[in-house]
There are 2 protein chains.
Amino acid sequence: MKDENLLLSIAILGGTGKEGKGLAYRWARAGYHVLIGSRDAEKAKTAADDVRGMLGEGVSVNGLGNLEAAKEANIVVLTVPYSAHRSTLEAVKDELQGKILVDVTVPLVPPKVSTVQMPAAGSAAQEAKEIVGDGVEVCAAFQNISHEHLLGDSDVECDVLVTGTSKAAREEVIKLTEAAGLTGWDAGPIQNSVVVEGLTSVLIGINKKYGSTHAGIKITGVSR
Amino acid sequence: MKDENLLLSIAILGGTGKEGKGLAYRWARAGYHVLIGSRDAEKAKTAADDVRGMLGEGVSVNGLGNLEAAKEANIVVLTVPYSAHRSTLEAVKDELQGKILVDVTVPLVPPKVSTVQMPAAGSAAQEAKEIVGDGVEVCAAFQNISHEHLLGDSDVECDVLVTGTSKAAREEVIKLTEAAGLTGWDAGPIQNSVVVEGLTSVLIGINKKYGSTHAGIKITGVSR
């Protein structure tokens, strides 16, 4: 646990969902201040209690409304379903200025969730950038990780591809992947988000076709 | 070597390039009739001689002009640079009707080759489908494999994601990946090609950033 983590607060908006709660668990375990956000602050508090219950005393996890969570955090992670993507961002965008937004959203279009269907902006992350404006660094990450993997201490056999509006912001998010016990890779500019978001549809299709439940990817051929 | 392979001819248009020559080597080794195609038939014959020289007698590799190669083959693989994608397809499209086209093209836009920049159709494979029409099943595959890996007998530490206009066509192409000594996955409909083509830009960026030369991907979490 690094001391600098103790200064950094991470808000997870929509953090009562499985993906968000898994990330809250991993980052709280690593020593970050975690703020679980929800439209319903009571639900957020319950989720925070759950995570504290799993990790014991000495971790910092609290539940708040989305707006308050975004306001108090240095880094804001968005784990809402795509249907709530725009409305959540519009509600909190003033609180995001000068911060890093990490978009975990996959723009799935039911019922064809294994077919890539991107919004007009090119990807959910680029759409987020359009909504929040130039004062926010927008990264996208964690779209391909099964939530079953996160809420526990097992190794996750899936890498994280991190795209984003600046190299410095991507580096910050890669640190967060490592703190969560995952391997993160700099996957380039925000325009590349279509690959990572779309890969989720490919992996859903592979799960369906091959009878698996948590297909993932690993980068090969690179020694670090 | 299966007997049925002996009935199947594969044309590789633009097959004098490194990627195409590597695929020719792998498929000839597996017992397929391979037709290397080029705008310059003499160059195609030289490339075919090279591959025969590496594999010895008893393999079937011949060089032809692109049009003749497409005409004689059951399956046509396109490995030209993106700048020659449309013109090559327009020249051979009559010969493709009723066949499977396997598009290996990545629509890179120099100088920013590590930034995903897709054509208006959504991907090179979808553009190919627009050009060749409904009489052709279009698949896309092999975009992420480094050519260094193919022209030789070493294991390739990179999987092949196969997209395409029908499940049956994707199954045929997955057989071709296996014949080449690679692991192929059904990555869904042709709309998903943006993920696999775009992944090449992500991998180029990873090579640049992490000092590697042949970053690839493996699907994890699925037992077959």
Side-chain angles (χ1 to χ4, degrees), chain A residues 109 112-118 122-123 126 144-146 148-149 155-159 161-163 167 170-171 174 183-224, chain B residues 109 112-118 122-123 126 144-146 148-149 155-159 161-163 167 170-171 174 183-224:
Chain A
V109 184
K112 291 197 171 182
V113 293
S114 56
T115 297
V116 175
Q117 297 171 84
M118 290 291 142
S123 62
Q126 285 164 284
N144 307 140
I145 307 289
S146 301
E148 291 91 348
H149 281 142
D155 280 346
V156 176
E157 208 199 350
C158 184
D159 287 352
L161 299 176
V162 179
T163 53
K167 191 177 161 183
R170 296 193 297 268
E171 292 293 339
I174 289 170
T183 301
W185 297 91
D186 185 333
I190 193 86
Q191 294 97 309
N192 293 3
S193 305
V194 57
V195 171
V196 198
E197 295 177 17
L199 195 53
T200 303
S201 287
V202 170
L203 294 172
I204 290 170
I206 285 175
N207 280 336
K208 208 177 295 180
K209 164 113 189 157
Y210 299 94
S212 49
T213 55
H214 45 270
I217 62 136
K218 278 273 179 191
I219 296 294
T220 60
V222 185
S223 46
R224 288 167 79 176
Chain B
V109 184
K112 291 196 171 182
V113 293
S114 57
T115 297
V116 175
Q117 297 172 84
M118 290 291 142
S123 61
Q126 286 163 283
N144 308 140
I145 307 289
S146 300
E148 291 91 347
H149 281 142
D155 281 346
V156 176
E157 209 198 352
C158 183
D159 287 352
L161 299 176
V162 179
T163 54
K167 190 176 161 184
R170 296 194 296 269
E171 292 294 340
I174 289 170
T183 301
W185 297 91
D186 186 334
I190 193 86
Q191 295 95 311
N192 293 3
S193 305
V194 57
V195 172
V196 197
E197 296 177 15
L199 195 53
T200 303
S201 288
V202 170
L203 295 173
I204 290 170
I206 285 176
N207 280 335
K208 209 178 293 181
K209 165 114 187 154
Y210 298 94
S212 49
T213 55
H214 44 271
I217 62 137
K218 278 272 178 192
I219 297 294
T220 60
V222 186
S223 46
R224 289 166 79 175

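These figures come from a predicted structure and were not determined experimentally.
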Identify which of A:Leu203, A:Asn207, A:Val202 forms the greatest number of heavy-atom pairs closer than 4.5 Å to chain B.
A:Val202
Answer with side chain, backbone, both or neither: which region of A:Lys112 has an atom nearer than 4.5 Å to a non-hydrogen atom of chain B?
neither
Can you list every side chain to side chain donor-acceptor pair (under 3.5 Å) pair that touches residues 215-224 of chain A, not counting sequence neighbours?
A:Asp159-A:Lys218
Restricting to non-hydrogen atoms, name the atom on A:Ser212 and the atom on B:Gly221 that form the minimum distance, rounded to 0.1 Å.
CB-O, 3.8 Å
Under 3.5 Å, is there a donor-acceptor pair between the side chain of A:Asp186 and the main chain of B:Gly205?
no
Using a cut-off of under 4.5 Å on heavy-atom pairs, state which of B:Leu161, B:Ile190, B:Thr115, B:Leu199 scores highest against chain A.
B:Thr115
With side chains defined as the heavy atoms from C-beta onward, is the minimum distance between A:Ile217 and B:Ile219 less than 4.5 Å?
yes
With sequence neighbours excluded, residues passing side chain to side chain donor-acceptor pair (under 3.5 Å) with B:Lys208:
none
Closest contact, heavy atoms only, A:Asn192 versus B:Ser114:
ND2-O, 3.0 Å
